[in-house]
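A quick write-up on the structure given underneath.
Both counts, for ligands and for their atoms, begin at 1 and track the order of listing.
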Amino acid sequence: MSQDTAYQEAFRREKKARQAAEQLLEDKSRELFKLNNELLNTNNKLKEQQSLMLRNEKLATLGTLSAGIAHEINNPLAFVLSNMESLRHYIHSYNALLQLSLQWQNQQSLPSAESDQLQRLLDEQDLVFIQEDTKELFTDTEEGLIRLREIVQNLRHFSHSQDSERAKADLVAGLNSTLKILQSELNDRITVNCMIDPLPLADCNPGELNQVFLNLLINAKQALEKTQNPQIFISATSQNDEIIIRIKDNGCGMDEQTCKKVFDPFFTTKPVGQGTGMGLSIVYGIITDHKGVISVTSAQGKGTCFEIRLPVSGTS
Ligand SMILES: Nc1ncnc2c1ncn2[C@@H]1O[C@H](COP(=O)(O)OP(=O)(O)OP(=O)(O)O)[C@@H](O)[C@H]1O
Ligand SMILES: [Mg+2]
């Protein structure tokens, strides 16, 4: 072999070995990149699971707390409401007495000393004003108590301490009837897009699930108040013994901090007096009571999607 040929052979061998090494390096880098991506994904999933677990734990604690508070408030509330009823009757009797006194006074049918005495009492105690004001005080107090009773009922719902009657029901019918109830409120401005597959009958409390749909749709409507071309997308489908319902809007959306708190009882971003902040807590309570899962994804200024996953059997 001439020196040239030997040199060429060595060069060829070296080039082949270099190419093989380069290929190996590229393959390994690719593999490493893929593994790194998998690791990142797993890490993200773990973080998501962890925050979901924390959220569920927090809500479970709040549920226990709410059940206790609801129970504690419920007992005194029951007797206050019942006492109010009795007081209304008593006041009615006193009013009759006052009316009669006024009538006698007007007809001047009392001896003058007694009439003067009665007039002094009427003036000093401002009894005519008290009679008028009592009516208003009673109405306001009763309204307040009824509101309180609603809050207690909501808290009990959130902590799923209410008996929930189960039946086989078609959730499509529930969704449609809820949409009908809201039709007049939604249809004038908001476009509702439905992609609803036929669903297997679910073992559930249909009334409670209708309340879930109603609360989610009302929230979506409220989030769309300032949106141009406002839209709600409702989809329902079933996969492997699971029903998946999504209610999505292209409304104001939420930042990450808000998103984390939406299921907390009494969390609201609405002005005082406009929302109790119990809507989504009730939704959460009902869905977990049905062994389901609810999650939310949202982007500020873009919209929000609530996803509900319910087991068809209701007991899994
Ligand atoms: N679709 C949505 N888009 C944007 N924000 C939402 C949406 N749904 C809920 N939220 C946010 O979550 C908060 C809590 O909602 P939730 O239904 O529990 O109470 P609320 O609507 O404020 O009061 P209530 O339901 O008692 O009238 C809302 O105040 C709002 O900030
Ligand atoms: Mg609400």
Side-chain angles (χ1 to χ4, degrees), residues 51-52 55-56 58-63 65-66 69-70 73 143-144 146-160 162 175 178-179 181-182 185-187 189-194 207-236 244-289 292-308:
S51 71
L52 198 72
R55 186 193 83 183
N56 288 348
K58 179 178 76 179
L59 289 171
T61 315
L62 282 172
L65 203 67
S66 312
I69 295 172
I73 299 177
E143 263 175 28
I146 286 166
R147 183 96 193 84
L148 206 59
R149 189 170 58 189
E150 272 170 22
I151 294 176
V152 170
Q153 269 166 1
N154 285 343
L155 277 173
R156 296 176 86 188
H157 240 124
F158 167 66
S159 56
H160 15 120
Q162 246 168 24
L175 267 171
T178 311
L179 273 172
I181 293 172
L182 280 175
E185 286 209 48
L186 297 176
N187 266 8
R189 210 174 71 83
I190 299 168
T191 316
V192 181
N193 310 282
C194 294
E208 286 186 347
L209 288 180
N210 287 351
Q211 193 185 351
V212 166
F213 305 142
L214 192 72
N215 287 4
L216 291 177
L217 286 166
I218 289 175
N219 279 351
K221 181 203 157 219
Q222 290 165 339
L224 287 164
E225 257 153 30
K226 292 184 187 142
T227 305
Q228 301 223 320
N229 186 20
Q231 311 231 10
I232 293 179
F233 303 86
I234 303 171
S235 71
I244 305 163
I245 296 170
R246 293 191 186 97
I247 296 183
K248 202 173 133 191
D249 63 70
N250 65 341
C252 60
M254 291 172 261
D255 60 23
E256 217 181 305
Q257 283 307 313
T258 311
C259 240
K260 279 186 187 155
K261 293 189 218 148
V262 285
F263 299 111
D264 291 0
F266 302 114
F267 173 78
T268 180
T269 55
K270 286 169 196 158
V272 179
Q274 278 191 27
T276 60
M278 281 303 288
L280 286 177
S281 314
I282 293 168
V283 166
Y284 178 89
I286 293 173
I287 298 298
T288 39
D289 213 19
V293 177
I294 179 160
S295 57
V296 56
T297 43
S298 187
Q300 229 173 353
K302 292 200 172 143
T304 302
C305 177
F306 283 91
E307 182 186 272
I308 296 168

Atom CZ of Arg189: over 12 foreign heavy atoms under 6.0 Å: yes

Heavy atom of the protein closest to atom 12 (O) of ligand 1 (residue, atom name, distance): Val262 CG1, 3.2 Å

Sub-4.0 Å atoms of ligand 1 with respect to non-hydrogen atoms of Thr276: 23 (O), 24 (P), 26 (O)

For Leu280, the ligand 1 atoms whose distance to one of its heavy atoms is below 4.0 Å: 9 (C), 15 (O), 16 (P), 17 (O), 18 (O)

Atom 27 (O) of ligand 1 - nearest protein heavy atom and its distance: Gly275 CA, 3.6 Å

Residue among Val296, Thr304, Thr269 satisfying side chain to side chain contact (heavy atoms under 4.5 Å, CB included) with Thr258: Thr269

Gly277 N/O under 3.5 Å from ligand 1 N/O: yes

Any donor-acceptor N/O pair, Asn215 side chain to Ser281 backbone, under 3.5 Å: no

Donor + acceptor pair across side chains of Lys270, Gln222 (<3.5 Å): yes

Met278 and ligand 1 - part of the residue with a heavy-atom distance under 4.0 Å: backbone

Nearest-option assignment for atom 25 (O) of ligand 1, heavy atoms, candidates Gly279, Gly303, Ser298: Gly279

Asn215 heavy atom under 4.0 Å from ligand 1: no

Gly251 to ligand 1, any heavy atom closer than 4.0 Å: no

Within-cut-off N or O pair, Thr258 and ligand 1, under 3.5 Å: no

Nitrogen or oxygen of Asn219 less than 3.5 angstrom from that of ligand 1: yes

Residue of the set Val293, Ile247, Ile286, Ile294 for which side chain to side chain contact (heavy atoms under 4.5 Å, CB included) holds with Ile308: Ile294

Which residue and heavy atom of the protein sit nearest atom 21 (O) of ligand 1, plus the separation: Lys270 NZ, 2.4 Å

Donor-acceptor contact below 3.5 Å, side chain Thr178 vs main chain Phe213: no

Distance-only side-chain donor-acceptor flag, Asp249 / Gln231, under 3.5 Å: no

Ligand 1-proximal atoms of Val283, by part, heavy-atom distance under 4.0 Å: neither

The Mg ion (ligand 2) contact by Asn219, N, O or S atom under 2.8 Å: yes

Nearest-option assignment for atom 13 (C) of ligand 1, heavy atoms, candidates Phe263, Phe267, Tyr284, Phe266: Phe267

Derivation and outcome, side chain to side chain contact (heavy atoms under 4.5 Å, CB included), residues Lys221 and Glu185: CA-CA 8 Å; Lys221 181 203 157 219; Glu185 286 209 48; 2.9 Å; yes

Parallel, tilted or perpendicular: ring planes of Phe306 versus Phe263, cut at 30 and 60 degrees: perpendicular

